[in-house]
Amino acid sequence: MKKELLIIITLIFTFNLITLAQQSKSRNSDIQIQKTWARPAVKYANSALYFVIENRGGKIDTLIGAQSNIAEETEVHESFKKDNDKIGMRPAGRIAIKPKSEFEFKPGGFHVMLLGVLKDLKIGDKIEAVLLLKYAGKIKVKAEVRDMPMTKEMK
Amino acid sequence: MKLRYHLFVIILFWGCKERLPVVDDFKNLSYKLTNQNNQEIIFPDFVKGKIVVMNFIFTNCPDICPLSSNNMRLIQEKLKREKVDNVQFVSLSFDPENDTPEVLRKFADIRNLDLSNWTFLTGDKFVTNAIIKKVGVMAVTSDSTIFKSGRKIYYYIHTDRIQLIDIEGKIRKNYKGSTINVDEIVADIKKL
């Protein structure tokens, strides 16, 4: 009985370790970056990085920028609608992440632009970027290049 | 009495399968363009006799155009699964100065798009502008990025559009490209 209990505890501990390793955390663990992925792009074309920022802490934090070594420029942008059927894109500025909340960067909305990628980003490739938050500091983000999720998943 | 009832039900269901209205027409128009293989293409002649699903893109678009193109892929896959053929997919660039045939080819290849019935088109800016004006698509330059190398790229505010064209070159319905309901357009294609 004791042996079975030990195995279960070990399994739970291992699972938690794996889960934690898959998430990008800030120094104080209040900010979690999850569900990261990036679009495929040809060398010198543009890609976009998507993710969910979760603020588990009790105070507001602010995304103030992003950095990466895989693109000529890295900027936080927002797609916006105009006159019902038109779409444009603009720099997003600073984005407040409220306490105990999630903020989703998703297709058709906020995203980190990887402008002029320095190599082909093929489906399955892994990339890294850094998100800059006012209080949490620099958070390293790992993302897989993959095909678009189904439209329904994005709603 | 029973026969009348059955006739009423049949007529009712027949009526539900309404015809799509004609939005516009490419009749007597022809545009010289270039495909992703650098071959000259006359549009819409090259798709004559086929139903066309068309979107309007620029490849520097990081967010919406890939979303629209992905929806084109989902439509293509659904039609294939349902064994609906005689449909041609067309993606027209409204940024031909950047979107050369080679750029369009790479845009498709990196996404593993099936080009067996999907053509990417570019051409003279005067011609691509004439087409988008004809179909009611707007594309105007907005912000730009200048890289350290001096290379400059533009972004567009543009109509988010996937368009359904029938076998006679008549535009039958417009959809929002980034949020299109795949089931809806597939049902519409079956009505044509």
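All values below come from the heavy atoms of this structure, side chains included, with hydrogens, waters and symmetry mates left out. Source: prediction; values computed, not measured. Here is how names work: the chains are called A, B, and so on, in the same order as the sequence lines, proteins then strands, and each is numbered from 1.
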Report the distance from atom [atom1] of [X] to atom [atom2] of [Y], rounding to the nearest 0.5 Å.
X: M138(B); Y: D83(A); atom1: CE; atom2: CG; result: 7.5 Å
X: R161(B); Y: I87(A); atom1: CZ; atom2: CD1; result: 12.5 Å
X: S79(A); Y: I157(B); atom1: OG; atom2: CD1; result: 11.0 Å

**Prompt:** Taking it one step at a time, do Y155(B) and N46(A) satisfy side chain to side chain contact (heavy atoms under 4.5 Å, CB included)?
**Reply:** CA-CA 11 Å; Y155(B) 306 106; N46(A) 301 332; 4.0 Å; yes
**Prompt:** Is it the side chain or the backbone of N112(B) that comes within 4.5 Å of chain A heavy atoms, both, or neither?
**Reply:**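 For N112(B), side-chain heavy atoms alone lie under 4.5 Å from chain A.
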**Request:** Counting only heavy atoms closer than 4.5 Å, note whether T159(B) contacts chain A via side chain, backbone, both or neither.
**Result:**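 It is both, since atoms from each part get that close.
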Shortest non-hydrogen contact between [X] and [Y], atoms and distance:
X: P66(B); Y: R39(A); result: CB-NH1, 3.3 Å
X: F147(B); Y: L115(A); result: CE2-O, 3.6 Å
X: D63(B); Y: G108(A); result: OD2-N, 2.7 Å
X: K106(B); Y: V42(A); result: O-CG2, 3.4 Å

[X], [atom1] atom: more than 12 neighbouring heavy atoms under 6.0 Å:
X: K35(A); atom1: NZ; result: no
X: K134(A); atom1: NZ; result: no
X: F46(B); atom1: CZ; result: yes
X: K119(A); atom1: NZ; result: no
X: E102(B); atom1: CD; result: no

**Prompt:** Is the shortest heavy-atom distance from the side chain of K122(A) to the side chain of I110(B) under 4.5 Å?
**Reply:**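 The answer is yes; the side chains approach within 4.5 Å.
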So if you build clusters from Ile, Leu, Val, Met, Phe, Trp, Tyr with side-chain heavy-atom gaps below 4.5 Å, do [X] and [Y] land together?
X: V84(B); Y: F89(B); answer: yes
X: I132(B); Y: Y154(B); answer: no
X: I165(B); Y: L20(B); answer: no
X: I75(B); Y: L164(B); answer: yes
X: V87(B); Y: Y175(B); answer: yes

**Request:** Decide side chain to side chain contact (heavy atoms under 4.5 Å, CB included) for E72(A) and R151(B); before the verdict, give the C-alpha distance in whole Å, the side-chain angles of both, and the deciding distance to 0.1 Å.
**Result:** CA-CA 11 Å; E72(A) 288 182 78; R151(B) 186 167 68 95; 3.1 Å; yes
Could you look at [X] and say if it's the side chain, the backbone, both or neither that has a heavy atom under 4.5 Å from chain B?
X: Y44(A); value: both
X: M89(A); value: both
X: L114(A); value: neither
X: N84(A); value: both

**Item:** Pick from A41(A), A48(A), P91(A) with the largest number of heavy-atom pairs that fall under 4.5 Å of chain B
**Value:**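 Option with the top pair count is A41(A).
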**Request:** Name the member of D143(B), T59(B), I64(B) that forms the most heavy-atom pairs with chain A at distances under 4.5 Å.
**Result:**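 The residue among D143(B), T59(B), I64(B) with the greatest pair count is I64(B).
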